[in-house]
Amino acid sequence: MKVPSLAKIEGVYSMVPETADSWRDAHGTAPFVRGPYEKMYQQKPWTIRQYAGFEGALETNAFFKRALLQGQTGLSVAFDLPTHLGFDSDHDLAAADVGRTGVAIDSVEDMAVLFDGIDLGNVSVSMTMNGAVLPIMACYIVAAEEQGVAPDKLSGTIQNDILKEYIARNTYIHSPDFSMEVVSDVVAYCSEHMPRFNSMSISGYHFQEAGASPELELALTMANARAYLTHFQQQGIDLEFVAKRLSFFFGLGMSFYKEVAKLRAARFLWSELLDEFGIRSESAKRLKMHCQTSGVSLTESSPLNNIVRTTIEAMAGVFGGTQSLHTNSYDEAISLPSDQASKVALETQFILQHETGIGDVVDPWGGSYMMESATQSMIEYVRTMQNNIEIEGGVLALVASGQLTAFIHRQALQTAMDEEALNKKIVGKNCYQSSSLSPQNERVIASDKTLLLQSKKLALLKLKRDDGAVKRALQALQAAARSKQNLMPFTIEAIRARVTVGECIKALTDENSRYLKPEHIEPALFCAHLDAEMVKRYQALSSQLGRPLRFLVAKVGLDGHDRGAKVIVSLLRDLGIEVDYLPIFSSLDDIIQQDGMYQYDGIGLSILSGAHIPFVTQLTQKIRTDCPIFIGGVIPASDKNALETIGVEAVFTAKHSLNDIAMSLYDILVVAAKI
Ligand code: 3CP
């Protein structure tokens, strides 16, 4: 796909605005570049909405209550990977991931505990859920109903943005076609029954985390927004009404000016897009957004420096006029956020809101030559990209072929090369390195205990419920899927009858089987930036063996973060190694089977969900003893020794440069090859 030049954005500081005169517009009027509301934070500060969830509903409920008491103003639920993918906690594929990167929700009983003592008529709740959106929305609605709160009183947001799951985040379940129907079912249901609830959060955040620049993030987000509007129109949904409750979600990286410009440009583009669809409602044309500071910008070394990064990113969000904000915890490159780091992240927002006066001025960058031209350049970039996407067949076609994913990966490779060549400097990672690590206080997730408890609760639920009602509800859901009716009311009925999340999804996957997207891994030219002697040694090793080295890189379990794994595949291939890649959702049996065929020189696992110990323990028990195993991902330093004891040859984390990784692997390969 053709990519517009970034030169305009890069050279923005010396440009004089051509057509951008947004600063002359009043705040709170179309096209809303200067902000969705006239008085912005002078009238109401942004919502402090920290994304959180771990272990079971009880633990997360306690965390939510503490956060609300401390002054957080909205809730945001992180679900664990099995919930995202529609597996109950007692499913074989769920075992390693229960309660790790979010809370485990198997049924409405769990959802009721999650919000116990929290008035859902008063507190707005965001739920990051896409794949299993039907049963999770239904659990939320039924839990509220049982609390005495009717759907029309509920306020909050469901992410319900499946396109970005295929492009970058990877927690999808069904094929894109069926998933788009599910998305519109949720949107249509909310517009009829939940007028205060945002039925989508069209997300760019994950594109930037996967490697996209801020301008590409914006272009893909707006392209998806257009694809959804087109789809809803085709479904006969009243856009005038639903567009009011479509919100957005953007990332905030370290390119400070670009990030502010991106948020200003986003509002212009949305207002323009709705004009194009003939929508007249002013309130729909106000783009409302949530923002989150960047996870990938955080470093593993000197983690306290991440507080500075997060603060700068958060300021870009506020200058850009966000409605809601999550600030990351400083230890996220190392482990799941500790209590201390979560508290600092929350209090960073209090400091911004109460000590700085940062929100006193509406659109403070308005009128700056640099900012107005940056905003205009963003708008032009997005328009050109949109044009190119249409020429190539539109978003849905490019999602299905995997080209948008590959496109982001190409930018991730470029970033990795820029860091290696020191064209992009990261303090503590590729410059100003120091060996001192700040003291850590890592959160330890009691996953085994959570798994046991969830399994017991599921067994009890199945004993107590009316089996006949369960069977009838599941049959009705399947029949509705076959006859293409809106699935929300049928899922709500099933959830009321105590059908589990996994059972609902199983009923749907029996009709529309689980889907795996195509994978393309782009080549890279890393060797130019690596130690030349070492590159030659790789070639010599292969010559001595009389064959190319052969590697397997695998993503095991349910964790969809594959940016790092794919960069490593490109690196190894550039070193002349033949690499097979087992993509997301691979099992240990897949690895054993592949290794049985090829007897790899090395096997690399990439795990960012915290489930590295159980996976590696099982793998080392099953695999031949002479196969070197490497692991990469978010691995706390305290687990490194345990992994080495189990039999892992090397552990690579965000602090390692590509050169470090290539060197360590070489040393291990030489020993393993017995040359
Ligand atoms: C607000 N209001 C105002 C003003 N400010 N009215 C007049 N003047 C103002 N200055 C009104 C609004 O119109 C609205 O009323 C009400 O006050 C609430 O304000 P809001 O701006 O809608 O704020 P909020 O309820 O917090 O909603 C924010 C958005 C929502 C709209 C962005 O979608 C949201 O909260 N999104 C969060 C998404 C999220 O948390 N995602 C987490 C992703 P009305 O309601 O009457 O209009 S975490 C993913 C992490 C990565 C991963 O995937 O792993």
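Order of appearance sets the numbers: ligands from 1, and atoms from 1 within every ligand. Just so you know, these numbers use all the heavy atoms, side chains as well, and skip hydrogens, waters and symmetry mates. A quick note: this is a predicted structure, and the numbers were derived from the prediction, not measured.
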(request) Using a strict cut-off of under 4.0 Å between a residue heavy atom and any atom of ligand 1, list the qualifying protein residues by chain and number. (result) Tyr37, Met40, Gln43, Lys44, Thr47, Arg49, Tyr51, Ser76, Ser126, Thr128, Thr157, Gln159, Arg169, Asn198, Tyr205, His206, Arg245, Ser247, Phe249, Lys288, Met289, His290, Gln292, Gln323, Ser324
(message) Can you list everything that forms a salt bridge (Lys or Arg N to Asp or Glu O under 4.0 Å) with Asp275? Sequence neighbours excluded, please.
(response) Lys285
(message) Applying salt bridge (Lys or Arg N to Asp or Glu O under 4.0 Å), can you list everything that pairs with Asp185, at least two apart in sequence or on another chain?
(response) none
(request) Look up atom OG1 in Thr293 and atom CD1 in Ile312, then write down how far apart they are to the nearest 0.5 Å. (result) 11.5 Å
(request) Nearest 0.5 Å please: distance from the CZ atom of Arg267 over to the CZ atom of Arg34. (result) 10.5 Å
(message) Under the rule for side chain to side chain contact (heavy atoms under 4.5 Å, CB included), what residues qualify as partners of Ala112, not counting sequence neighbours?
(response) none
(request) Just say parallel, tilted or perpendicular for the rings of His91 and Phe87, cut-offs at 30° and 60°. (result) tilted
